[in-house]
Structure formats: structure tokens, C-alpha cells
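Read the structure below first, then the notes.
Residue indices begin at 1 and follow the sequence shown. Computation of the quantities below employed the complete heavy-atom set of this structure, encompassing side-chain atoms and omitting hydrogens, waters and symmetry-equivalent molecules.
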Amino acid sequence: MARCLAEEGGPIGVRVNSVLPDAVLEGSSIWDAGWRAARAGGYGVKPEELDEYYRQRTVLKVNVRPEDLAEAISFLAGPRASRTTGGVLTVDGGVTAAYVR
């Protein structure tokens with residue numbers, strides 16, 4: 001969808017890019033609504049082990065934080081990316097199953 005919008009908006013100067021995050025647990029209330037237990041159960045871990053599970057499945061062995069997403073969005077919206085449209089920026093610590101193909 002973002003690429004289609006980039007093509008449609010490009011001629012009038014509208015840029016559209018995508019940020020692809022993974023498992024932002026910190027500061028998200030969605031994980032308090034039963035999602036944490038359900039997701040942990042799907043992976044065969046305890047809910048309190050979910051953060052570590054996500055960290056260990058990344059190449060960089062990190063968890064993605066809200067400020068990591070904010071930095072990526074700020075970059076794409078700012079002047080340093082003013083010649084970028086239709087782009088995809090993953091912010092996931094390197095989840096190999098999610099690499100852009």
C-alpha cells in the first residue's frame with residue numbers, strides 16, 4: 001500500500017515510506033490485554049519470559065523500544081530522507097524471518 005501511495009503522491013511531492021517494527025513491548029498497553037499471555041503461549045514460554053524470547057530471536061540481541069521507532073520515523077520524515085519515497089526501514093533488531101525480500 002505504501003509503495004502504491006508513493007507512486008501516486010510522488011508527482012505532487014508527497015513522500016510515503018514504511019517503518020516495520022517488531023514486538024515493541026515497552027510502554028505498550030496492548031500487551032496488558034491478554035496478548036502477552038497468548039503470544040507467550042504460542043511460543044511455548046511464560047509471559048514473563050516474552051521480552052527475553054524476543055531479544056534472543058534477533059541478530060543484535062536487543063529489544064525494540066518506542067524511541068527506536070520514533071528515531072526511524074523522524075529520520076524518514078526529516079530533511080535527510082527528503083529524496084526517499086516508497087522506502088522500507090525495518091526496526092526489529094534483525095529478525096531473520098522478517099528480512100525484506
Side-chain angles (χ1 to χ4, degrees):
M1 180 184 227
R3 288 181 179 163
C4 290
L5 291 171
E7 286 182 32
E8 291 178 12
I12 59 171
V14 174
R15 298 183 301 118
V16 181
N17 296 292
S18 300
V19 174
L20 308 177
D22 179 65
V24 181
L25 301 175
E26 180 183 320
S28 176
S29 62
I30 195 170
W31 297 102
D32 297 334
W35 283 51
R36 179 182 283 272
R39 194 53 75 165
Y43 293 128
V45 300
K46 296 175 184 173
E48 61 272 13
E49 298 170 341
L50 194 59
D51 291 55
E52 183 62 20
Y53 174 83
Y54 281 129
R55 182 178 15 263
Q56 289 304 316
R57 76 177 190 169
T58 70
V59 173
L60 298 177
K61 305 297 184 222
V62 297
N63 285 113
V64 178
R65 305 165 302 165
E67 54 266 32
D68 300 325
L69 298 179
E71 187 174 331
I73 293 166
S74 177
F75 168 75
L76 287 172
R80 292 182 296 159
S82 66
R83 300 292 185 255
T84 302
T85 194
V88 176
L89 181 56
T90 56
V91 182
D92 64 3
V95 177
T96 57
Y99 283 170
V100 177
R101 290 164 180 58

Could you tell me whether a side-chain N or O of Arg39 sits under 3.5 Å from a main-chain N or O of Gly34, the two making a donor and an acceptor?
-> no
Where is the tightest heavy-atom contact between Gly86 and Asn17, given as atom of each residue plus distance?
-> N-OD1, 3.3 Å
Interatomic distance, CG@Leu69 vs CG@Asp22, rounded to 0.5 Å, equals 10.0 Å
Using a 4.5 Å cut-off on heavy atoms from C-beta on, say whether the side chain of Leu20 contacts that of Leu89.
-> no
Flag the pair Asp92 / Thr58 as yes when at least one side-chain heavy-atom distance between them is below 4.5 Å, and no otherwise.
-> no
Pick one: which of Gln56, Arg57, Arg55 meets side-chain contact (heavy atoms from CB on, under 4.5 Å) with Tyr53?
-> Arg57
In Å, rounded to the nearest 0.5 Å, how long is the span from CZ of Arg36 to CD of Glu49?
-> 11.0 Å
Euclidean distance, Leu25 CG relative to Asp51 CG, rounded to 0.5 Å | 4.5 Å
Any donor-acceptor pair under 3.5 Å linking the side chain of Thr84 with the backbone of Gly87?
-> no
Taking everything shown except Lys46 itself, do over 12 heavy atoms lie less than 6.0 Å from its NZ?
-> no
Determine yes or no for a side-chain-to-main-chain donor-acceptor pair under 3.5 angstrom, with Thr85 supplying the side chain and Val16 the backbone.
-> yes
Between the side chain of Ser74 and the main-chain N/O of Glu71, is any donor-acceptor distance below 3.5 Å?
-> no
